[in-house]
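Computed from a predicted structure; not experimentally measured.
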Amino acid sequence: MCSNTENIRTKKGIPYNIRINMKNLFDLKGKVMVMTGACGVLGTTIVKYFAAQGAKMVLLDLERVSGLGEKTVSEIESAGGEAVFFPTDVLDKATVEKNLEQVMEKYGTVDVLLNAAGGNMAAATVPPDKTIFDLDIDAVKKVTELNLFGTIIPTMVFAKAMVKTGKGSIINFASESALRPLTRVAGYGVAKAAVANWTRYLCAELAMKFGEGMRVNAIAPGFLLTNQNRSLLVNPDGSLTDRSHSILAHTPVGRFLEPDELLGTLHWLASDASSAVTGTVAVVDGGFDAFSI
């Protein structure tokens with residue numbers, strides 16, 4: 001007959017206990033997971049995966065493409081999962097508060113928040129034919145507002161539901177550009193570095209004031225081909241740009257990442273398997289950040 005605790009003696013004869021936890025620490029069945037920026041290339045991959053793990057998915061996004069949110073929900077439900085879509089604007093606190101009311105009315109709780117809303121603008125970059133003196137400050141402000149305050153505002157709103165239970169996992173989306181300055185993406189790099197800093201700040205703020213069950217982490221993806229960066233990485237004829245060749249030359253695995261390669265890390269951060277992990281920026285980049293020469 002097995003028990004959850006076994007008494008074991010060391011070689012010196014000093015007894016100590018090892019608690020054997022038979023629980024599946026990665027189990028997400030029934031967890032209510034809210035994701036902003038849920039209808040992009042990465043977002044749809046992530047929400048479909050978590051729904052397949054038995055989580056109840058709440059998709060939040062702008063309704064840029066008519067019916068896209070509902071289409072994703074329909075696909076999840078057809079595969080046996082559970083999901084709901086609510087239009088949002090992560091920069092409008094009143095709208096996000098309405099989203100919280102909608103979630104609480106339907107599910108009564110929030111277990112995980114994935115802050116994936118973000119993006120870049122061409123005017124906030126410095127291309128090879130221009131200099132820093134050509135940088136559009138208004139564009140930089142917009143990119144910073146979207147990525148940083150588009151993370152802060154949903155956190156301020158949805159964390160209120162989490163602190164009532166004393167437990168919740170908040171996962172922010174940083175970037176490789178948060179770890180080291182990358183050429184061209186001036187505004188985006190500043191914004192994502194701020195997201196990483198906010199992640200570390202907030203982990204202490206929430207845990208120390210609301211309990212150890214409140215966790216905040218971030219993921220820093222490396223280079224993926226998405227709709228946002230495709231024009232920078234692929235030529236109209238389908239060949240790779242010079243920037244792509246430079247990136248791959250500095251990526252030990254020698255290729256761009258696939259969206260589903262983020263799922264394992266996100267699953268770990270969302271689940272009880274990472275119960276002692278907070279304030280961490282988990283890097284998934286094929287070795288880019290570790291590479292020197």
Please check if the side chain of [X] supplies one atom and the backbone of [Y] the other of a donor-acceptor pair under 3.5 Å.
X: T125; Y: M121; value: no
X: R243; Y: T183; value: yes
X: D237; Y: S239; value: yes
X: H250; Y: F291; value: no
X: T88; Y: D61; value: no
X: D134; Y: K130; value: no
X: T251; Y: V253; value: no
X: N147; Y: A191; value: no
X: D136; Y: A139; value: yes
X: S274; Y: L269; value: yes

When you look at N172 and T199, which way does the side-chain hydrogen bond (donor to acceptor under 3.5 Å, both in side chains) test go after all the steps?
-> CA-CA 7 Å; N172 298 325; T199 298; 2.9 Å; yes
Are any of the side-chain heavy atoms of [X] and [Y] separated by less than 4.5 Å?
X: K167; Y: M162; answer: no
X: D111; Y: M33; answer: no
X: F50; Y: L266; answer: yes
X: Y49; Y: D260; answer: no
X: F85; Y: C39; answer: yes
X: C203; Y: N217; answer: no
X: P154; Y: V90; answer: yes
X: K160; Y: K164; answer: no

Residues Q102, K106; criterion side chain to side chain contact (heavy atoms under 4.5 Å, CB included); working and verdict = CA-CA 6 Å; Q102 293 169 317; K106 185 169 183 62; over 6 Å; no
If hydrophobic clusters are built by linking Ile, Leu, Val, Met, Phe, Trp and Tyr wherever their side-chain heavy atoms come under 4.5 Å apart, do [X] and [Y] end up in the same one?
X: L257; Y: L42; answer: yes
X: V234; Y: V185; answer: yes
X: L182; Y: V190; answer: no
X: F210; Y: L113; answer: yes
X: W268; Y: V112; answer: yes

Under the side chain to side chain contact (heavy atoms under 4.5 Å, CB included) rule, what do F86 and V103 come out as? Steps first, then yes or no, please.
-> CA-CA 9 Å; F86 299 124; V103 174; 4.1 Å; yes
Spacing of [X] atom [atom1] and [Y] atom [atom2] [to the nearest 0.5 Å]:
X: R200; Y: T278; atom1: CZ; atom2: OG1; answer: 11.5 Å
X: I247; Y: T241; atom1: CD1; atom2: OG1; answer: 7.0 Å
X: L59; Y: L68; atom1: CG; atom2: CG; answer: 9.0 Å
X: F149; Y: L91; atom1: CZ; atom2: CG; answer: 9.5 Å
X: T72; Y: M57; atom1: OG1; atom2: CE; answer: 11.0 Å
X: F223; Y: L233; atom1: CZ; atom2: CG; answer: 8.0 Å

Are there more than 12 heavy atoms of other residues, nucleotides or ligands under 6.0 Å from atom CD of E212?
->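 Open: at most 12 neighbouring heavy atoms sit under 6.0 Å from CD of E212.
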More than 12 heavy atoms of other residues, nucleotides or ligands under 6.0 Å from NZ of K48: is that the case?
-> yes
Output, in order, the C-alpha distance, side-chain angles, deciding distance and verdict of side-chain hydrogen bond (donor to acceptor under 3.5 Å, both in side chains) for Y107 and E82.
-> CA-CA 11 Å; Y107 293 121; E82 182 173 353; 3.0 Å; yes
So L240 and N235, side chain to side chain contact (heavy atoms under 4.5 Å, CB included) or not? Walk me through it.
-> CA-CA 6 Å; L240 296 180; N235 292 312; 5.9 Å; no
If I compare all heavy atoms of [X] with all of [Y], which pair ends up nearest, and what's the gap?
X: G43; Y: M35; answer: CA-CE, 3.7 Å
X: A196; Y: V281; answer: CB-CG2, 4.1 Å
X: L100; Y: V157; answer: CD2-O, 3.4 Å
X: S177; Y: K192; answer: OG-CB, 4.0 Å
X: D89; Y: T95; answer: N-CG2, 3.6 Å
X: L146; Y: G119; answer: CD2-N, 3.8 Å

Salt bridge flag under 4.0 Å for residues [X] and [Y]:
X: K141; Y: E145; result: no
X: E261; Y: R255; result: yes
X: D272; Y: R215; result: no

Could you please spell out the steps behind the side-chain hydrogen bond (donor to acceptor under 3.5 Å, both in side chains) verdict for N115 and T155?
-> CA-CA 8 Å; N115 283 310; T155 298; 2.9 Å; yes
Kindly indicate, with the supporting measurements, whether the criterion side chain to side chain contact (heavy atoms under 4.5 Å, CB included) is fulfilled by Q53 and K29.
-> CA-CA 6 Å; Q53 307 311 307; K29 291 184 179 67; over 6 Å; no
